[in-house]
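Keep in mind that what you see is a predicted model, and the values were worked out from it rather than measured.
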Amino acid sequence: DWSSDVCSSDLLAALAVVPSAAAAQRSPIGSSRRFGIGAVLGFPDLGVSLNPWLSARTSLQVDLSFAYRYDDRYGLARVDHLFWFPTIASAEWGDLRWYAGPGAYVGIPTGLYYSVRGEFRDRGFFLGAEAAVGLAAAFHFPLEVTLELAPRLQLVDNDGLFVGLSVGGAVHVRYYL
């Protein structure tokens, strides 16, 4: 049937144009806008987040935060080397992409905190490794919102070597310069 052949070819031609139009509208984050600064709301901390891009596919996320929950009070610093994977989807508002990467964290209590040893501590530090995995919404204007999960392996605290597992999470909102 001639009409179904025309409709099929018109539909294929329209679909072929959509990816190129979306690519032309890509988010500037990571290309022309390469330094992100904003806020991080983690579990259970709140602070400042920086994310300078090192290359077209990698960035260095640095979060400096303070936790105050129940009896926990401590400063937390995290550094993650993020690897950004190809865009999952593009839409009128921006791009959806995901990332993963290894990192490290250090905590310095400013009061009581509940350690992974299962007891309350009043002073000291803790240090460990983490693996950040996240989903990012990068808008066509230079704003990014991420949802992140970070399994953590504590390696050392003020009493010495101690291996403990925990999970962190965070929401980042960053503006890119």
Between the OH atom in Tyr176 and the CZ atom in Phe141, the distance rounded to the nearest 0.5 Å is 13.5 Å
Report the distance from atom CZ of Arg57 to atom CG of Leu82, rounding to the nearest 0.5 Å.
14.0 Å
Euclidean distance, Leu155 CG relative to Phe126 CZ, rounded to 0.5 Å
12.5 Å
Please walk me through it: do His172 and Glu144 pass side chain to side chain contact (heavy atoms under 4.5 Å, CB included)?
CA-CA 8 Å; His172 297 91; Glu144 174 185 69; 5.9 Å; no
Do the side chain of Ser27 and the main chain of Phe139 share a donor and acceptor less than 3.5 angstrom apart?
yes
Please round to the nearest 0.5 Å and tell me the distance separating atom CG of Leu165 and atom CD of Gln154.
10.0 Å
ILVMFWY cluster, Trp93 and Val173 together (side-chain gap under 4.5 Å):
yes
Cluster question for you: counting only ILVMFWY and a side-chain heavy-atom cut-off of under 4.5 Å, with indirect links fine, are Leu143 and Ile88 together?
yes
Residue pair Leu149 / Val167: nearest heavy atoms and the distance that separates them:
CD1-CG1, 3.4 Å
Which residue is it: Trp53, Phe83, Trp84, Phe85? I am looking for the one with a ring-ring contact (aromatic ring centres under 6.0 Å, His included) to Tyr99.
Trp84
Test side chain to side chain contact (heavy atoms under 4.5 Å, CB included) on Ile29 and Arg97 and set out the steps.
CA-CA 11 Å; Ile29 296 171; Arg97 50 192 173 180; 3.4 Å; yes
Is there a chain of hydrophobic side chains (I, L, V, M, F, W, Y, each step under 4.5 Å between heavy atoms) that links Ile37 to Phe66?
no
Using every non-hydrogen atom in the two residues, find where Ala170 and Val40 come nearest and quote the distance to one decimal.
CB-CG2, 3.8 Å
As an exercise, state the distance from CH2 of Trp98 to CG of Leu135, rounded to the nearest 0.5 Å.
10.0 Å
Identify, with sequence neighbours excluded, every residue that meets ring pair (Phe, Tyr, Trp, His ring centres under 6.0 Å) alongside Tyr105.
none
Among residues at least two apart in sequence or on other chains, which ones pass side-chain hydrogen bond (donor to acceptor under 3.5 Å, both in side chains) with Ser49?
Asp63, Arg174
If you measure only the distance, is there a donor-acceptor pair under 3.5 Å linking the side chains of Tyr74 and Asp45?
no
Kindly give the heavy-atom pair with the smallest separation between Glu130 and Ala150, and that separation in Å.
OE1-CB, 4.1 Å
Do His140 side-chain atoms and Glu92 backbone N/O form a donor-acceptor pair below 3.5 Å?
yes
With sequence neighbours excluded, residues passing side chain to side chain contact (heavy atoms under 4.5 Å, CB included) with Val133:
Ala100
Might you point out which heavy atoms bring Thr58 and Ser55 nearest each other, and give the distance in Å?
OG1-OG, 2.8 Å
Has the side chain of Thr146 got a donor or acceptor atom that lies under 3.5 Å from a matching backbone atom of Glu148?
no
Verify, without hydrogens or angle tests, whether Arg33 (side chain) and Pro142 (backbone) share a donor-acceptor contact under 3.5 angstrom.
no
Compare every heavy atom of Val79 with every heavy atom of Leu60, then report the nearest pair and how far apart it is.
CD1-CG1, 3.7 Å
For the residue pair Asp95 and Ser90, what are the closest heavy atoms and their distance?
OD1-OG, 2.8 Å
Ile108 side, atom CD1; Leu127 side, atom CG - distance, nearest 0.5 Å
10.0 Å
